[in-house]
Amino acid sequence: MATRSEAPIIAETGPDVPAPQELALASQWRLMWWSFRRHRLAMIGLAMTILIYLVAVFAEFLAPFDPHEANRRALYHPPQMIHLVHHDAETGWSFGPFVYGYEQTRDPFTLAFSYERDPDQRIPLRFFGEGTPYDLWGLIPMNRHLLVPVDPGERYYLFGADRLGRDMLSRTIYGARISMSIGLVGVTMALLLGIFLGGISGYYGGFTDTVVQRLVEFTLSLPTIPIWLALTASLPQDWGPLARYFAITVILSLVGWAELARVVRGRFLALRTDDFVTAARLDGASEGRIIFRHMLPSLVSHIIASVTLAIPLMILAETALSFLGLGLQQPIVSWGVLLREAQNIRSIAQAPWLFIPGGAVVLAVLALNFLGDGLRDAADPYAQDGR
Amino acid sequence: MLLAYIVRRILWTIPFLFAVSLVAFALIQAPPGDYLTTFAATLAASGDIVDQARLQALRERYGLDQPFLVQYWLWISGVLRGDFGISFEWQQPVSNLIWERMALSTLLALSTLLFTWAVAFPIGIYSAVKKYSIADYTFTFLGFLGLAIPNFLLALVLMYIAVVHFGTEVGGLFSDAYVMAPWSWAKFLDLLSHLWVPVVILGTAGTASLVRIMRANLLDELNKAYVVTARAKGLSEWRLILKYPVRIALNPFISTIGWVLPNLISGAVITAYVLSLPTAGPLLLQALLAQDMYLAGAFILLLTSLTVVGMLISDILLAFIDPRIRYR
């Protein structure tokens, strides 16, 4: 066990290892990219994060149906599979996506719905077909969707349907938009607060520093969820969805700023005494040039990494708050709001597909954590730790 | 020296607790209108006659027409004497409702902390010593998963599996027979047999992050010269690791009580709600939704104080273990 494998600082030559002369001339961002690229999980995280944000951006196009459209004939409709090949004795082989229809029956005593697959009934689907009209980003009127039934009156449910017969796939896709954006907006606000307070704390030092540090410690010691719950419970009930959305992000950032302020201050203090800063000062660079040209580039990478790691925390927090009914409310669709449907054991026992938005949360958080971890390791490309 | 440090640290806690109580009171003050309006509405809704004289007496007792600081003073001086006000929803003094639930919450948090340590400690050491082994990768992956799954989702999935595949319920902390029973040895054993479910659910995220911290710290230490020296002396490998580097790597482990405890208490609120545990969380949530503000305020005050006390304990423990801190 005494043999610990030491990875060499600059690995053997290979496809993704730059030549030594290239390494010597590379810019800091290039070095970071090289170091990031070696982190396989982080690359997967990056790809997944981009994918999820693309889903959030093109939600209207990707979702086959209107997420609010209820369908009395599809209460708790089970998920369907897409089939590509169909064989029929009369018509022979046919290709193209379709789903089998489901026959709805209702138990006369318990009034519970049950669904039976009907192999004779096929609902053909078409890529880029016409469906419910929408305005992409509220601007461009369109009616094409990624995959819709050929007959616009038909419905299909890849992720099943909820208790009102709403399509869970469309709802999960629209939920991505709210859940993923609330992380971004919340982190931006937390970052502004954190940079401001961390900055003055690191810049002025002394008494201001002590006060801000105590404030940070205090905020970090608060149990977040009870505080969030109390804050959201005190929001007026008659606020519209948009006002509520922003209020929730403000509340999330009120607790999230402390960690970022600590990072900013710590980096600021560490950099202030670094050799290259002293060198720049001796060269007669102005205070502004030292801060913006020399210190900021080294700070930015660390801040980006911390921000990436803070987003999943915000997403989890929003999910938890909405799940408890204190965060966002219907008709806004977020993953937390969707999971509220999965709250009682009776409905999840009947319709386990109500967990799917939870899977989406886990995927998004995993992706962002992988990405943030890789970024944190790559943030300091000069650290020779053999990663 | 140690004593001086502890005294200094305890004195520091007082302004913290003061700030905590201010925050808790500001939070219960935040909703529009005062509680007596809510109270009168509750009474009217249940068909009781609203006694104006009684309302007036309550108004004076809690100083509801006075400025914020006066109200705060009336509230906090009551709290220090053990009077947390009355719960408008339950029509009882708040102190009747909170203590048993707070005790169970504390028990749950402490058990989870012990569980977290007991699991994270060996896994962290193993992962560091056998770096990049298959087991290390497995633990790392499980750790990421543990951090990514919200506690309440895990609770829901466990409930689902228990109901659908085993036909049992996993909620609650007691069997039906013991819910109302007075405390006895049998009830305690019954509690233990139920406690492990929320402990495991709550412990996942904390365990995952502790394993990573332990692994990173130990990896830093394993490179150092004194480890090589000890190895050259011919000390057996496990003894060497446990005796020197682990002791140093343990340091941040203890300081984590400070932040693991707030996280535990935080997470427990939602998990307890999903599993319908008789702890502070579900009642706090109910009180917040019903705007039963003295009850909510008492819980917020006690839960936040618990975390402040947790930080205090972790700092004192650290000072015991690491003499460098005492002399700072």
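This structure is a prediction, so every number in the text was calculated from the model and none was measured. Order of the sequence lines sets the chain letters (A, B, ...), proteins ahead of strands, with each chain counted from 1.
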Next on the checklist: Contact between Phe152(B) and Leu324(A) at the side-chain level, heavy atoms closer than 4.5 Å - yes or no?
Outcome noted: no
Checklist outcome for this item: Turns out that what part of Leu229(A) lies under 4.5 Å from chain B's heavy atoms comes down to both
Next on the checklist: If you compare all heavy atoms of Pro226(A) against all heavy atoms of Leu303(B), which two are closest, and at what distance to 0.1 Å?
Outcome noted: CG-CD1, 4.0 Å
Checklist entry - What residue, out of Ile227(A), Leu363(A), Val361(A), has the most heavy-atom pairs lying under 4.5 Å from chain B? => result Ile227(A)
Next on the checklist: Other residues, nucleotides and ligands only: do more than 12 of their heavy atoms fall within 6.0 Å of CZ on Arg262(A)?
Outcome noted: no
Checklist entry - At a heavy-atom separation under 4.5 Å, does Ile300(B) approach chain A through its side chain, its backbone, both, or neither? => result side chain
Item to check | Which atoms of Ala19(B) approach chain A - backbone, side chain, both or neither, heavy atom under 4.5 Å | outcome: both
Checklist outcome for this item: Max heavy-atom pairs within cutoff under 4.5 Å with chain A, candidates Asn151(B), Leu285(B), Leu147(B), goes to Leu285(B)
Checklist entry - Would one find more than 12 heavy atoms of other residues, nucleotides or ligands at under 6.0 Å from atom CG of Leu11(B)? => result yes
Checklist entry - What pair of heavy atoms forms the shortest contact from Ile270(B) to Ala320(A), and how long is it? => result CD1-CB, 3.2 Å
Item to check | Close side-chain approach of Leu288(B) to Thr232(A), heavy-atom, < 4.5 Å | outcome: no
Checklist outcome for this item: Tightest non-hydrogen contact, residues Val365(A) and Ala148(B), listed as CG1-CA, 3.6 Å
Checklist entry - With only heavy atoms counted, which part of Leu306(B) is less than 4.5 Å from chain A, the side chain, the backbone, both or neither? => result neither
Next on the checklist: Is Leu284(B) in contact with chain A via its backbone, its side chain, both, or neither, using a 4.5 Å heavy-atom distance?
Outcome noted: side chain
Item to check | Option that, when pairs with chain A are counted at under 4.5 Å, heavy atom only, ranks first among Ala268(B), Ala287(B), Pro150(B), Pro15(B) | outcome: Pro150(B)
Next on the checklist: So for atom OH, which belongs to Tyr226(B), do other residues, nucleotides or ligands contribute more than 12 heavy atoms lying within a distance under 6.0 Å?
Outcome noted: yes
Checklist entry - Considering only heavy atoms, which portion of Phe16(B) lies under 4.5 Å from any heavy atom of chain A: side chain, backbone, both, or neither? => result both
Next on the checklist: Is Val23(B) close to chain A through its backbone or its side chain, or both, or neither, when contacts mean heavy atoms under 4.5 Å?
Outcome noted: side chain
Checklist entry - Heavy-atom distance under 4.5 Å between the side chains of Phe323(A) and Leu156(B), does that happen here? => result yes
Item to check | Inter-residue atom distance Phe144(B).CZ - Leu366(A).CG, 0.5 Å rounding | outcome: 8.0 Å
Item to check | Shortest non-hydrogen contact between Trp12(B) and Arg214(A), atoms and distance | outcome: CH2-NE, 3.1 Å
Item to check | Leu326(A), part contacting chain B, at a heavy-atom distance under 4.5 Å | outcome: side chain
Checklist outcome for this item: Value for CG (Leu153(B)) from CG (Leu339(A)), rounded to nearest 0.5 Å, stands at 6.0 Å
